[in-house]
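Below, read A as the first sequence line, B as the second, and so on, with proteins coming before strands; counting in each chain starts at 1. Worth saying up front: this structure is predicted, and the values here are computed from it rather than measured. Because only heavy atoms are used, hydrogens play no part in the values below, and waters and symmetry mates are left out as well, while side chains stay in.
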There are 2 protein chains.
Amino acid sequence: MHKGKITIHDISKELGIDSSTVSRALNNSPRVSKKTKEKISAKAKELGYQRNSLASKLRTNKTHTIGVIIPRISRHFFASAIAGIEETAYDAGYDVIICQSLDSYEREQKLIETLLANRVDGIIISISMETTNYNHLDRYKANGFPMIFFDRPCETEKNTNVIIDDFQASFEVTEHLIFNGYKNIVHFSGPQTNLLYQNRCKGYKAALKKHKYPIRKEYIIESKLMEEDGIENAKKALNLPNVDAIYSANDMAAISAMQYLKSQNIKIPEQIAFAGFSNEPVSAVIEPSLTTVNQPSFEMGKVATNILFDQLNNNTRENKTTILEPTLIIRNSSSKTNNN
Amino acid sequence: MHKGKITIHDISKELGIDSSTVSRALNNSPRVSKKTKEKISAKAKELGYQRNSLASKLRTNKTHTIGVIIPRISRHFFASAIAGIEETAYDAGYDVIICQSLDSYEREQKLIETLLANRVDGIIISISMETTNYNHLDRYKANGFPMIFFDRPCETEKNTNVIIDDFQASFEVTEHLIFNGYKNIVHFSGPQTNLLYQNRCKGYKAALKKHKYPIRKEYIIESKLMEEDGIENAKKALNLPNVDAIYSANDMAAISAMQYLKSQNIKIPEQIAFAGFSNEPVSAVIEPSLTTVNQPSFEMGKVATNILFDQLNNNTRENKTTILEPTLIIRNSSSKTNNN
DNA sequence: TATTAAAATACAATCGATTGTATTTTTGAA
DNA sequence: TTCAAAAATACAATCGATTGTATTTTAATA
């Protein structure tokens with residue numbers, strides 16, 4: 001048997017009913033009588049008919065598909081956001097195509113092209129760390145396609161962003177460390193080309209400033225915050241004088257830094273306290289458990305998707321930024337007492 | 001501006017060149033002169049032409065897309081397998097559509113339908129835990145589409161599977177525990193409808209048998225091995241006499257069980273030793289670090305994809321099972337001595 | 001029964017790209 | 001310069017489903 005051989009025309013011929021009627025019947029159009037519908041769907045089943053979505057999408061110019069581009073699916077935050085996106089999308093009868101940019105600009109560009117070529121109805125994207133210009137996105141948006149940014153906002157003028165208050169969360173984490181008596185807090189920051197990491201860095205600085213602590217450039221270590229960066233950063237931190245706490249802009253780097261310091265017999269939090277960001281599951285398992293910030297990832301996915309559908313249904317392209325509230329999760333890595 | 005408005009016909013009109021020539025030029029056909037190609041691609045760029053893949057796929061009956069269905073993207077094993085799949089696929093000029101079944105049979109069924117409707121060239125799947133019949137898959141395969149099963153094999157007669165030697169790995173884990181002096185080993189098993197968990201269970205039993213240890217039904221606790229199951233299972237294990245080790249058929253349940261036991265002040269591995277399966281990253285971070293089995297996930301993805309391409313290119317549908325070798329990773333949760 | 005409105009179905013064009021065949025243009029050899 | 005071969009381009013059908021319009025059938029009313 002050949003690939004997806006059966007078409008509405010096969011059904012049409014077998015029954016002597018025009019293919020337009022077959023199409024309408026399969027789409028449950030009121031223009032087809034009940035009796036005919038039954039005959040058609042019975043025959044469709046008999047022949048193993050499987051609609052060709054490509055043809056349908058081509059004709060209707062509607063794919064009922066949204067594209068999602070994220071840095072990597074293995075991060076809990078993104079996996080959870082995708083869950084939120086999929087739930088909302090499937091309820092609305094939309095399919096979701098998940099793509100990972102692996103934080104590569106080139107790949108992100110290609111993915112956009114592919115999604116464009118496949119005529120997705122809209123895109124939800126968390127831009128890659130490498131992305132510093134937005135030409136590839138502008139071109140897409142110029143076509144009038146809706147595009148929602150989440151987690152990592154897009155800096156250019158008019159965009160729809162769904163983010164958390166990174167500044168505020170970062171401020172709270174830092175202040176939490178300060179309240180617990182830590183004075184020389186190193187910050188592992190991400191690429192400053194990205195607004196998200198800029199904001200987290202600003203929050204850190206603002207907290208120091210509020211409490212009249214000095215802001216020292218060398219205490220801000222910039223990297224891509226991958227696992228290996230955490231170790232490198234930890235080494236750098238050890239070479240700085242008096243460091244008694246490290247606040248990492250993501251959990252990944254915090255975890256590997258902690259592992260490294262533990263291997264060097266440095267006590268956490270007694271000698272160096274820790275805080276991370278994102279609440280990856282592993283942060284609850286490591287000892288001491290890692291103080292971090294929980295982002296409402298699932299909700300973010302839902303919100304982003306709903307906004308996308310709003311824009312699609314009302315054919316508007318508003319440029320609002322929606323800010324969701326993160327929560328500080330205090331665990332054992334950041335308090336001098338009470339460490340079980 | 002309207003959606004993806006520019007077509008080859010627009011270019012055709014503007015230049016007074018037939019659309020067939022435009023199409024050939026854009027596909028770099030030798031039938032079009034260099035000069036014309038240049039004119040066309042310049043105009044295409046100028047107009048912001050974006051090929052409509054849907055039309056192309058419809059016409060050629062080739063989508064250059066493969067579908068991947070896995071239980072969940074958040075599992076490290078699957079994320080890593082996907083990396084292997086994507087790398088291989090992209091090198092061959094194929095797109096990949098990732099879908100998660102969330103271990104639901106119903107969802108898996110729908111996903112197959114969607115992929116079918118979108119005429120993917122082939123499917124790579126790790127079936128859901130709930131899946132016990134294969135009608136939805138058979139129907140797909142009956143159409144002559146290639147389908148590769150990985151990790152969780154398909155039991156029905158003729159299939160192409162890429163799996164690891166679960167029996168052997170499980171046997172080794174269990175024997176490792178036995179060698180370390182553990183005598184009453186509980187096994188957390190997954191749904192026995194799934195060959196994978198059957199094999200892991202068999203390996204466990206075989207090791208006990210070899211060393212003349214009794215196989216006790218109540219020592220085999222079956223569940224879906226989710227996080228919450230680990231806790232439940234741990235409670236059950238505590239009610240059994242003399243339990244001194246737990247071997248869980250996945251890391252997830254092992255980790256949550258360990259966390260629970262630790263909260264009950266039970267010493268690991270002194271009182272109860274642990275071993276898991278899959279080598280989730282968290283298993284290296286928990287204390288004590290968890291002995292587990294590493295599956296060559298990335299390689300599995302690559303192998304599965306290459307087999308798929310073989311079948312596509314040679315138009316064969318062989319039914320081989322490829323078995324990859326897992327490795328036992330011995331950490332601190334399973335040895336009575338040397339626990340740092 | 002005749003007439004007409006409503007319901008059901010058929011016809012035909014279309015979505016955008018591809019591709020076999022036909023035609024025109026160019027090139028090169030005689 | 002002439003003509004065949006080769007190169008370049010044009011024509012037209014096609015993939016499978018959808019949809020506006022036209023036609024036929026059925027049902028309802030007078």
What's touching nucleotides 6-9 of chain C from the protein side, N or O pairs under 3.5 Å?
| residue | atom | partner | partner atom | Å |
| --- | --- | --- | --- | --- |
| C:dT9 | OP1 | A:Thr36 | OG1 | 2.4 |
| C:dT9 | OP2 | A:Ser33 | N | 3.0 |
| C:dT9 | OP2 | A:Ser33 | OG | 3.2 |
| C:dT9 | OP2 | A:Thr36 | OG1 | 3.0 |
| C:dT9 | O4 | A:Arg31 | NH2 | 2.7 |

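Distance A:Asn118 CG to C:dA17 P: 13 Å, rounded to the nearest Å. Distance, B:Leu54 CG to C:dC15 C1': 10 Å, rounded to whole Å. In this structure, B:Lys62 atom NZ and C:dA17 atom C1' are separated by 17 Å, rounded to whole Å. Across the protein-nucleic acid pair, B:Ile6 atom CD1 and C:dC15 atom P stand 14 Å apart, rounded to whole Å. Rounded to an integer number of Å, the gap from CG of A:Asn52 to P of D:dC15 is 12 Å. As rounded to whole Å, 11 Å separates atom C1' of C:dA12 from atom NE2 of A:His9. Rounded to whole angstrom, the span from the CG atom of A:Asn27 across to the C1' atom of D:dA17 amounts to 9 Å. Taking atom CG of B:Asn61 as the reference point, atom C1' of D:dT14 lies 12 Å away to the nearest angstrom.
Among the atoms of the strands shown, base atoms are found under 4.0 Å from some heavy atom of A:Ser23.
Taking only distance into account, the side chain of A:Ser20 meets the base of C:dC11 through a donor-acceptor pair shorter than 3.5 Å.
The closest side-chain donor-acceptor pair between A:Asn118 and B:Lys57 falls under 3.5 angstrom. One side chain, B:Asp18 or B:Ser20, offers a donor N or O that lies under 3.5 Å from an acceptor on the other.
At most 12 heavy atoms of other shown residues, nucleotides or ligands fall within 6.0 angstrom of atom CD in A:Glu106.
Rounding to the nearest 0.5 Å gives a distance of 9.5 Å between NZ of A:Lys302 and OG1 of A:Thr305.
Taking the six-membered ring where the residue is Trp, A:Phe309 and A:Tyr94 present tilted rings, their angle falling between 30° and 60°.
Taking every side-chain heavy atom of B:Thr60 into account, C:dT19 is the closest of C:dT19, D:dA17, C:dA17. Proximity note for B:Leu58 (side chain, C-beta onward) versus D:dC11, D:dC15, C:dA17: the nearest is D:dC15.
Checking each of B:Arg152, B:Arg107, B:Gln100 against B:Pro71 for a side chain to side chain contact (heavy atoms under 4.5 Å, CB included) leaves exactly one that passes, namely B:Arg152.
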Does the pair B:Val120 and B:Phe145 meet the rule for a side-chain contact (heavy atoms from CB on, under 4.5 Å), with working shown?
CA-CA 9 Å; B:Val120 293; B:Phe145 288 92; 5.6 Å; no
